Amino acid sequence: MDAIHLTNRQARRFMLTHQSLLQPRSLQGKDGLLEHIRRVNCIRFDPIDVVGRNHELVLAARVKDFAVPMLYEALYDDRRLLDGFDKNMCIYPTEDWPYFQRNRDAARRSLEAKSHPVLNAAPKVRREIERRGPLSSSDLEMEDAVRWPWGPTRLARAALEGMYFWGELVVYSKAGVRKTYDLVERHIPRGLLDASEPNPTDDEYHDWHVHRRIGSVGLLADRGTEAWLGIEGTSSVKRTRSIARLLAKGDLRQVNVDGISYPMYIRVQDGPTLEATLKREGEEAAAAPQAAFIAPLDNLLWDRRLASELFAFDYTWEVYVPAGKRRYGYYVLPVLYGDRFVARCEPVRDRKTNQLVMRNWWWEDGVDPDDRDMQAALTECIHCFRRFLGCDSLRIDDGAGSDTLSWIG
């Protein structure tokens, strides 16, 4: 098939449509939540909670009146979603369980290669869960300190996490970042647990995961980027070969975008979304642009170079940057309005006063802060965000500038 040629605006509007962000908060309830995660395959989990955790912020930007219990019900009551490893730690549909057998096997092999103490502890942990039901690390008397990927930890925690990573346990529930685990067979249908790996050869697996990852973003290029992390046993050579095979089979199409020097790729199944996006571009009666705060690890930003070239927006998540070297702040969120980023902000939640505090606000170059339509959309966005957090009111700190945000109603 011939390559698709898009303008920069067409490409970014497709990306936003694919990511359920044109318009924001257009999905409804738990069904909308599941619809989005199935479309993009997974969303990134992150435990840091300043104004909600990353996965919660992803959904708050897309689902009208999103509340955290909605997600937790889908994860731990309905079991329609799973915490698991895809691109880093993610949340993905439960029906995808068989596809990640390679990741689970690799996790066990890694521990076996180190003769790690969790291997000897696992049978005891299993017996305890069989006898007592779901357990957290504090319920187990395994106090030995062991090495673990994120630093020394108690054997109890390492054993539970190891068994979770190799697929013997699932997360039963969460209270903040505290996890309780249970046996996988109690919560995932036997048909999924017994299913053969759908991609038995290395080539089949890589083709599937490359195809999946392109769908997680919308458009991706064959070059080094964080967006490709987490594909078991991958390399740039294997990725290039997978893309060539997927193009030959008609599962991908090449996309050339004006002003971008490298080709990108789109899943053929996302063609109707692109066609609908292009059709709406020509309609005069388009809906008024809306605004949203975008999570720092949102799928839209997985390829930061692409985000820079499509949206003229350079973004670095500065959580792990030393305070003195930060350009903006600790937990800064991009601000989307329509099909462009107009600002970035640093909100915090004051738990003592139950206020949403706007600590800082930075307009992007070329943005007219006096645009009344934009001001109205941003006001609605800020108050939707306040309600998502359950805050009673909004406070603007001196850093944000009362004059800068004086238009907030």
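Along the sequence shown, residues are numbered consecutively beginning with 1. None of the values given here were measured: they were computed from a predicted structure. Worth knowing before you read on, the calculation uses all heavy atoms, side chains too, and leaves out hydrogens, waters and symmetry mates.
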Item to check | Steps toward ring pair (Phe, Tyr, Trp, His ring centres under 6.0 Å) verdict (Y181, Y172) | outcome: CA-CA 5 Å; Y181 297 88; Y172 173 76; over 10 Å; no
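- Because its NZ or CZ atom is both nearer than 6.0 Å to the ring centre of W97 and within 45° of the ring axis, R104 counts as a cation-pi partner of that residue.
- In summary, R387 and E380 engage in a salt bridge, as defined by a charged side-chain N under 4.0 Å from a carboxylate O.
- The closest side-chain donor-acceptor pair between T7 and D258, if any, does not fall under 3.5 angstrom.
- Salt-bridge formation is detected for the pair E143/R154: a Lys NZ or Arg NE/NH1/NH2 atom is positioned less than 4.0 Å from an Asp or Glu carboxylate oxygen.
- Panel note: side chain H18, backbone G215; a donor-acceptor pair is recorded below 3.5 Å.
- In terms of modelled atom types and a separation under 3.5 Å, the side chain of R241 and the main chain of S236 share no donor-acceptor contact.
- Residues Q375 and D371 bring no donor and acceptor atom of their side chains to less than 3.5 Å of each other.
- Ion pairing between a basic and an acidic side chain is recognised when a charged N comes within 4.0 Å of a carboxylate O; E364 and R344 show such pairing.
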Please table the atom pairs, donor to acceptor, closer than 3.5 Å between any side-chain atom in residues 324-333 and protein atoms at least two apart or in another chain.
unit_1	atom_1	unit_2	atom_2	d
R326	NE	E318	O	3.0
R326	NE	V321	O	2.9
R326	NH2	V321	O	3.2

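- Looking at N88, N299, N54 one by one, the single match for side-chain hydrogen bond (donor to acceptor under 3.5 Å, both in side chains) with R44 turns out to be N88.
- Remark: the backbone N or O of Y205 is not paired with any side-chain donor or acceptor of H209 at under 3.5 angstrom.
- Taken from OG in S137 to CG in L160, the straight-line distance is 6.5 Å, to the nearest 0.5 Å.
- Summarising the geometry of G218 relative to F14, their closest heavy-atom pair is O-CE2, 3.5 Å, with the distance given to 0.1 Å.
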Next on the checklist: Before you tell me yes or no, could you show the steps for H55 and D46 under side chain to side chain donor-acceptor pair (under 3.5 Å), namely the whole-Å CA-CA distance, both residues' side-chain angles and the distance that decides it to 0.1 Å?
Outcome noted: CA-CA 7 Å; H55 46 291; D46 189 80; over 6 Å; no
Checklist entry - When you look at R213 and D86, which way does the salt bridge (charged side-chain N to carboxylate O under 4.0 Å, His left out) test go after all the steps? => result CA-CA 9 Å; R213 192 58 55 80; D86 187 345; 2.8 Å; yes
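- Counting only distance, with no hydrogens or angles, the side chain of D139 and the backbone of S136 share a donor-acceptor pair below 3.5 Å.
- E56 places no side-chain N or O within 3.5 Å of a backbone atom of A67 that could act as its donor or acceptor partner.
- The nearest pair of heavy atoms linking L16 to G338 is CD1-O, 3.8 Å.
- Side-chain contact annotation: E204 with N199, donor-acceptor N/O pair under 3.5 Å absent.
- Each of W166, F165, W148 was checked for a ring-ring contact (aromatic ring centres under 6.0 Å, His included) with H116, and the lone residue meeting it is W148.
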Next on the checklist: Determine whether D397 and R395 satisfy the following criterion, salt bridge (charged side-chain N to carboxylate O under 4.0 Å, His left out), listing intermediate values before the conclusion.
Outcome noted: CA-CA 6 Å; D397 271 4; R395 186 176 83 233; 3.4 Å; yes
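- Between the side chain of H383 and the main chain of S393, no donor-acceptor pair closer than 3.5 Å is present.
- Here CE of M374 is found 7.0 Å from CZ of R340. Values are rounded to the nearest 0.5 Å.
- Cation-pi geometry between K174 and F45 is met: the NZ or CZ atom falls under 6.0 Å from the ring centre, inside 45° of the normal.
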Checklist entry - Could you walk me through whether R349 and D49 pass the salt bridge (charged side-chain N to carboxylate O under 4.0 Å, His left out) check? => result CA-CA 10 Å; R349 177 168 43 189; D49 184 4; 3.0 Å; yes
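- Side chain to side chain, Y76 and D83 meet the donor-acceptor criterion of an N or O pair below 3.5 Å.
- Put simply, the side chain of S110 never gets that close to the backbone of A106: no donor and acceptor are under 3.5 Å apart.
- A donor atom on one side chain and an acceptor atom on the other are found under 3.5 Å apart for S20 and H36.
- Between the CZ atom in R351 and the OG1 atom in T353 there is a gap of 11.0 Å [rounded to 0.5 Å].
- Panel note: side chain S216, backbone R212; a donor-acceptor pair is recorded below 3.5 Å.
- Using a 4.0 Å cut-off between charged nitrogen and carboxylate oxygen, R62 and D298 count as a salt-bridge pair.
- Considering L300, L306, N8 as possible partners of F311, the one that fulfils the side-chain contact (heavy atoms from CB on, under 4.5 Å) test is L300.
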Next on the checklist: Run the ring pair (Phe, Tyr, Trp, His ring centres under 6.0 Å) test on F100 and Y92 for me, step by step, so that the C-alpha distance in whole Å, both residues' side-chain angles and the decisive distance to 0.1 Å come before the verdict.
Outcome noted: CA-CA 11 Å; F100 290 95; Y92 60 74; 4.6 Å; yes
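- For E73 (side chain) and D78 (main-chain N/O), no donor-acceptor pair under 3.5 Å exists by modelled atom type.
- Residue pairs meeting the side-chain hydrogen bond (donor to acceptor under 3.5 Å, both in side chains) criterion with at least one partner in residues 262-272, sequence neighbours excluded, are R223-Y262, Y262-E309, R267-D270.
- Here the side chain of Q23 pairs a donor or acceptor atom with the backbone of A288 at under 3.5 angstrom.
- The distance from the CG atom of L135 to the CD atom of E128 is 7.0 Å, given to the nearest 0.5 Å.
- In this structure, CE in M15 is found 11.5 Å from CG in L6, a value given to the nearest 0.5 Å.
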